[in-house]
Protein chains: 2
Amino acid sequence: MRVLLVEDDDLIAHGIQAGLRARGLTVDGVKTAAQAEAILSAVHYQVVILDLGLPDEDGMSLLQRLRADGMALPVLVLTARDAVEDRVAGLRAGADDYLLKPFDFDELVARLHALLRRAAGRSVAIIEQGALRLDPERGQVSLNGHPVVLSRRELALLAALLHARGRILSVDQLKDSLYGFSEEIESNALNVHIHHLRRKLGADLIETIRGVGYRFNMGDT
Amino acid sequence: MRVLLVEDDDLIAHGIQAGLRARGLTVDGVKTAAQAEAILSAVHYQVVILDLGLPDEDGMSLLQRLRADGMALPVLVLTARDAVEDRVAGLRAGADDYLLKPFDFDELVARLHALLRRAAGRSVAIIEQGALRLDPERGQVSLNGHPVVLSRRELALLAALLHARGRILSVDQLKDSLYGFSEEIESNALNVHIHHLRRKLGADLIETIRGVGYRFNMGDT
DNA sequence: AGCATCGTTAATGCAGCCTTAATCAAGCCT
DNA sequence: AGGCTTGATTAAGGCTGCATTAACGATGCT
């Protein structure tokens, strides 16, 4: 699950990135509207977190322009402003949700997942599939009721597979949702993580489609 | 099913080729407009994927010229441009569909199949024939509701036969849709794949027309 | 600062797929 | 009927891609 964070304040940006990554999300961060625009035209994200106070351009006008160009991604806006008219203007510019600074980090996570859920057409936060249960907001997984401890990568991998609901994901697609644009990898690390997941969850939950990729085995459903 | 990919960026080209091949399509890749024009006049394809940003000529003007010369193939255009007027211009030049970079690979596959469907005059992605069911977008086959695991070649072979809707396909025609121009084969490999398919699906689904080729047995329909 | 955990790399081994080739069966022709 | 041609069948070999393991490096925590 890949998130673009547009935030010029290093401290805030770092905090958000660290927190989201710990929950298995992949975060790319940029500091200006120009950078945001450039990277959005090159990389596919699931959601954008946009701070309105940017150095080179007002976030609102950036958002408006992106929407006019046809960008359909969910956007969560961060702002220090509080006036009702700002909020209305933001929503008209195309924001999907709002968060006032200073915000509670847990609330950010909750709203982010709400947006992702809405975009995926699901309504519940917790994904259950057979004996497996995933709470993406807390980053917790259980199998047959027993909690299973997954690392960051394992969590991201499992979330991506579950999110695809049984469709086949190629290795490249999985890499895209596991790694940010500045941290591409060269090795078979993904294979290793698959291996670890199978060891923790059982070998038959993740199927290999030779020459194609991997898929989550949904059983008969 | 044979696809021509016109894309000068090695990285993108390689990714697309690998993904499409894994789904049983045969992909030939060229990097310039001149090469594209040359090979289109020599080899028969089902669909063309055309990147507008080529080194030697603008893809749009290539497309326009090809259409003027009577080329009727479906063309899926890849472009970084996003303005509405570009889109309109592209469609007037003869594009059948549009995909903005960056694109989701699943979406590319879906649109490609949509184009192929449109060209074939059918409306459903999933081909059902008697007890057999083929989902080309997922590369999955089932017989009487039970999933059947097919390898890459077997899948491509079955898709070609089904796509011909009971018409006879010669061995050379089948080879053309199984192998790209850079990987012709010398042996009876095709016979072997036919054999494997019959073993997995039953012997009567694929008929041999001696001295001519093979056809899919459509039963009474 | 030291420890522990996680992630990546790299090497090795295994398995599946594709092709080849050899042999067998079945039509077709004279 | 016999030979010839074409396709069917089967087994073997090589290649490719994946699984597995171990070790090293990075990162974070106490």
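Letters A, B, ... mirror the listed sequences (proteins, then strands); counts begin at 1. Quantities reported herein were computed from a predicted structural model and do not represent experimental measurements.
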Original post:
What's the CG-P distance between L178(A) and dG7(C), to the nearest Å?
Top reply: 10 Å
Original post:
Are OP1 or OP2 of dA8(D) and a side-chain N or O of T208(B) less than 4.0 angstrom apart?
Top reply: yes
Original post:
Quick one, which residues of residues 192-204 of chain A touch DNA chain D with a heavy atom under 4.0 Å?
Top reply: V192(A), H195(A), R198(A)
**OP:** Whole angstrom is fine here: how far is it from CD in E154(A) over to C1' in dG7(C)?
**Re:** 10 Å
Original post:
At what distance, to the nearest 0.5 angstrom, does CG of L190(A) lie from NE2 of H195(A)?
Top reply: 13.5 Å
**OP:** Tell me which of R210(B) and Y214(B) sits closer to the 5' end of DNA chain D, going by the nucleotide each one is nearest to.
**Re:** R210(B)
For residues 19-31 of chain A, run the donor-acceptor check on the side chains, cut-off 3.5 Å, and write out each pair with its distance to 0.1 Å, sequence neighbours left out.
| from | atom 1 | to | atom 2 | distance (Å) |
| --- | --- | --- | --- | --- |
| R21(A) | NH1 | Q17(A) | OE1 | 3.3 |
| R21(A) | NH2 | Q17(A) | OE1 | 3.1 |
| R21(A) | NH2 | V27(A) | O | 2.7 |
| R23(A) | NE | E137(A) | O | 3.0 |
| R23(A) | NH1 | G19(A) | O | 3.4 |
| T26(A) | OG1 | S177(A) | O | 2.8 |
| T26(A) | OG1 | L178(A) | O | 3.0 |
| D28(A) | OD1 | F181(A) | N | 3.3 |
| D28(A) | OD2 | R2(A) | NH2 | 3.3 |
| D28(A) | OD2 | Y45(A) | OH | 2.6 |
| D28(A) | OD2 | F181(A) | N | 3.3 |
| K31(A) | NZ | D10(A) | OD1 | 2.6 |
| K31(A) | NZ | D10(A) | OD2 | 3.3 |

Original post:
In whole angstroms, how far is the C1' atom of dG7(C) from the CD atom of E183(A)?
Top reply: 11 Å
Original post:
Within a strict 4.5 Å, meaning less than it, do heavy atoms of the F216(B) and L132(B) side chains meet?
Top reply: yes
Original post:
Once you round it to whole Å, what is the distance between P of dA19(D) and CG of L190(A)?
Top reply: 10 Å
Original post:
dC18(C) phosphate, OP1 or OP2: any side-chain N/O from S151(B) under 4.0 angstrom?
Top reply: yes
Original post:
Any donor-acceptor pair under 3.5 Å linking the side chain of R215(B) with the backbone of I209(B)?
Top reply: no
Original post:
R152(A) has an atom CZ; how far is it from atom C1' of dT5(C), in whole Å?
Top reply: 12 Å
Original post:
With V48(B), which of L40(B), V3(B), L76(B) fulfils side chain to side chain contact (heavy atoms under 4.5 Å, CB included)?
Top reply: L40(B)
For nucleotides 26-29 of chain D, list the nitrogen or oxygen atoms of the protein found under 3.5 Å from its nitrogen or oxygen atoms, one pair per line.
none

Original post:
Got D51(B) and T79(B) here, is their nearest side-chain heavy-atom distance under 4.5 Å?
Top reply: no
**OP:** Flag the pair Y214(A) / Q173(A) as yes when at least one side-chain heavy-atom distance between them is below 4.5 Å, and no otherwise.
**Re:** no
**OP:** Check whether the side chain of N191(A) and the base of dT8(C) form a donor-acceptor pair under 3.5 Å.
**Re:** no
**OP:** Grab the CZ-P distance between R153(B) and dG17(D) for me, whole Å please.
**Re:** 12 Å
Original post:
To the nearest 0.5 Å, what is the distance between CD (E154(B)) and CZ (R198(B))?
Top reply: 13.0 Å
Original post:
Taking only N and O in the side chain of Y179(A), is any of them less than 4.0 Å away from OP1 or OP2 of dT8(C)?
Top reply: yes
**OP:** Would you kindly give the CG-to-P distance between L150(A) and dC6(C), to the nearest whole Å?
**Re:** 10 Å
Original post:
Just how far is it from atom CD1 of I168(A) to atom CG of L161(A), taken to the nearest 0.5 Å?
Top reply: 11.5 Å
Subject >> Rounded distance (Å) that lies between atom P of dG27(C) and atom CD1 of I209(B) >> reply: 13 Å
